[in-house]
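Inspection log for the structure reproduced underneath, given as structure tokens.
Residue numbering restarts at 1 for every chain, and letters A, B, ... go by the order of the sequence lines.
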Protein chains: 2
Amino acid sequence: MVNKFKIQGVYLVTDRPLCLYHSLSEVVRLAALGGVSLVQLREKETNSRKFLELAKYLKEILSPFSVPLLINDRLDICLAAGADGVHLGQSDLPWWEARRILGNDALIGLSLETKEDYHSLIQTHPNPPLDYLAVSPVFDTNTKTNTKPAWGLTGVTWLKEKTNLPIVAIGGVNESNAKSIIDAGADSLAVVSAICSAKDPKLATETLSKKFH
Amino acid sequence: MVNKFKIQGVYLVTDRPLCLYHSLSEVVRLAALGGVSLVQLREKETNSRKFLELAKYLKEILSPFSVPLLINDRLDICLAAGADGVHLGQSDLPWWEARRILGNDALIGLSLETKEDYHSLIQTHPNPPLDYLAVSPVFDTNTKTNTKPAWGLTGVTWLKEKTNLPIVAIGGVNESNAKSIIDAGADSLAVVSAICSAKDPKLATETLSKKFH
């Protein structure tokens, strides 16, 4: 909200099953060396104890780089791990509860799956105390299922014209389409497999980072 | 910890798939009418948003009865719903993190699966600021899988002699064995199917409650 972190650049969303050549923690370390701007820990199957341990470990890895760590959905893991905030989807805890519980210093991002999600957000909160809005998915992807139709580049531009909040594009983002998504208005590109499944996650992050220059 | 609720009597652990004759909320209402002393909302498959909505709804149902609502594992749901506390298993968030995050007024119970769990608890915290310890499972059960060998009645008595904390027995508790578990030292009996699957959850709760007299 009044945050020390600027939401811009490459945003890594973790997915352990997609970490093909390195452990998740090594992927995160290499992404940090490659200039990643933010990491979101997403764990859907793990129990809370292991989720917390992993979050603490990643926080340790990222702190020297001053790269913030967000937790997907789980405010309690964020609080217990001392992470920087949470990323919330439409079926996660409501963002206003997260803001109330985590306080003003926490970094809170919200996924919008449709234009209706944006309209209903703005209807109740013309200036929502959020740190970014995520266009999800910008393109169709195999990483996340059950998502609504993709926003496409025109969707990114549509949202950019509506809001002053930073825009994160997620879903099907890779090296080849990165530039076009940035040109459409995205401040940050969230990637999963483009870094997690890369043989060289540092190089993959660097390559994506260069698209912002 | 310094709690307004006494841990004694019938303790309902919810399980929606096991609610055969009534909705979960109706089971909870009927159990409250039957004199349930505590309800733990356990949801393993639901998304956070629906989990929270259900927690808030159950809190509304239970408040007029002054029956506390605990949330299984999820501190964030507890905080957002204004529930009374959490029940934690060995693979959930650590209880000391829960105490730190929820504060001294929250009701926090911890499941012990083995005597070693008790010893390691006491080794680090001779007087742990917990509201109860749960012997889990007291008997083998189909409701919860992957649990360690059952404590049995001798296990309940063993723990009762070790601790001043209230003891909740969970796992395979029903009308026929309730009295023997109380006689062995349990302060509270946690049941799942004995109430959730009952045709008359109010009567089932009353019948179990009478075992304490």
Side-chain angles (χ1 to χ4, degrees), chain A residues 40-57 59 70-83 85-103 105-106 108-113 117 120-121 124 136 144-148, chain B residues 40-57 59 70-83 85-103 106 108-114 117 120-121 124 136 144-148:
Chain A
Q40 178 199 136
L41 175 58
R42 188 166 69 184
E43 287 283 321
K44 288 296 180 192
E45 307 301 326
T46 317
N47 70 43
S48 296
R49 184 69 66 106
K50 287 186 180 155
F51 194 166
L52 174 60
E53 283 166 12
L54 187 54
K56 284 181 168 173
Y57 190 48
K59 184 66 195 153
L70 299 191
I71 307 295
N72 185 282
D73 181 18
R74 295 285 300 267
L75 271 69
D76 49 357
I77 303 290
C78 173
L79 285 166
V86 290
H87 174 87
L88 301 171
Q90 293 291 318
S91 58
D92 295 338
L93 289 179
W95 63 264
W96 56 91
E97 298 281 8
R99 179 59 75 200
R100 179 176 68 79
I101 292 167
L102 298 181
D105 288 343
I108 300 178
L110 177 69
S111 267
L112 303 177
E113 293 176 6
D117 288 344
S120 63
L121 168 69
T124 52
S136 172
K144 204 170 177 189
T145 50
N146 292 326
T147 49
K148 303 249 169 53
Chain B
Q40 178 198 137
L41 175 59
R42 188 165 70 183
E43 288 284 322
K44 288 295 183 194
E45 307 300 326
T46 318
N47 69 44
S48 296
R49 183 70 66 104
K50 286 185 180 155
F51 194 166
L52 174 61
E53 284 167 12
L54 187 54
K56 285 181 169 174
Y57 190 47
K59 184 67 196 152
L70 299 192
I71 307 295
N72 185 283
D73 181 19
R74 295 284 300 266
L75 272 69
D76 49 356
I77 302 290
C78 174
L79 285 166
V86 290
H87 174 86
L88 301 172
Q90 294 291 318
S91 58
D92 296 337
L93 288 180
W95 63 265
W96 57 90
E97 298 280 9
R99 181 57 76 200
R100 179 176 67 80
I101 292 168
L102 298 181
I108 300 179
L110 177 68
S111 267
L112 303 177
E113 293 176 8
T114 62
D117 288 344
S120 64
L121 168 68
T124 52
S136 172
K144 205 172 176 187
T145 52
N146 292 325
T147 50
K148 304 249 168 52

So, taking the atom named CG in B:Leu75 and the one named SG in A:Cys78, what distance separates them when rounded to the nearest 0.5 Å?
12.5 Å

Heavy-atom distances under 4.5 Å only: say whether A:Arg100 touches chain B with side chain, backbone, both or neither.
side chain

Roughly how far, to the nearest 0.5 Å, is the OG atom of A:Ser48 from the CG atom of B:Leu93?
4.5 Å

Got a second to check how far B:Asn47's CG is from A:Gln90's CD, nearest 0.5 Å?
11.0 Å

Can you tell which part of A:Leu79 gets under 4.5 Å to a heavy atom of chain B, answering side chain, backbone, both or neither?
both

A:Asp76 and B:Arg74 have their tightest heavy-atom pair at OD2-CA, 3.6 Å

Smallest heavy-atom separation, A:Asp92 atom then B:Arg49 atom, equals O-NE, 2.7 Å

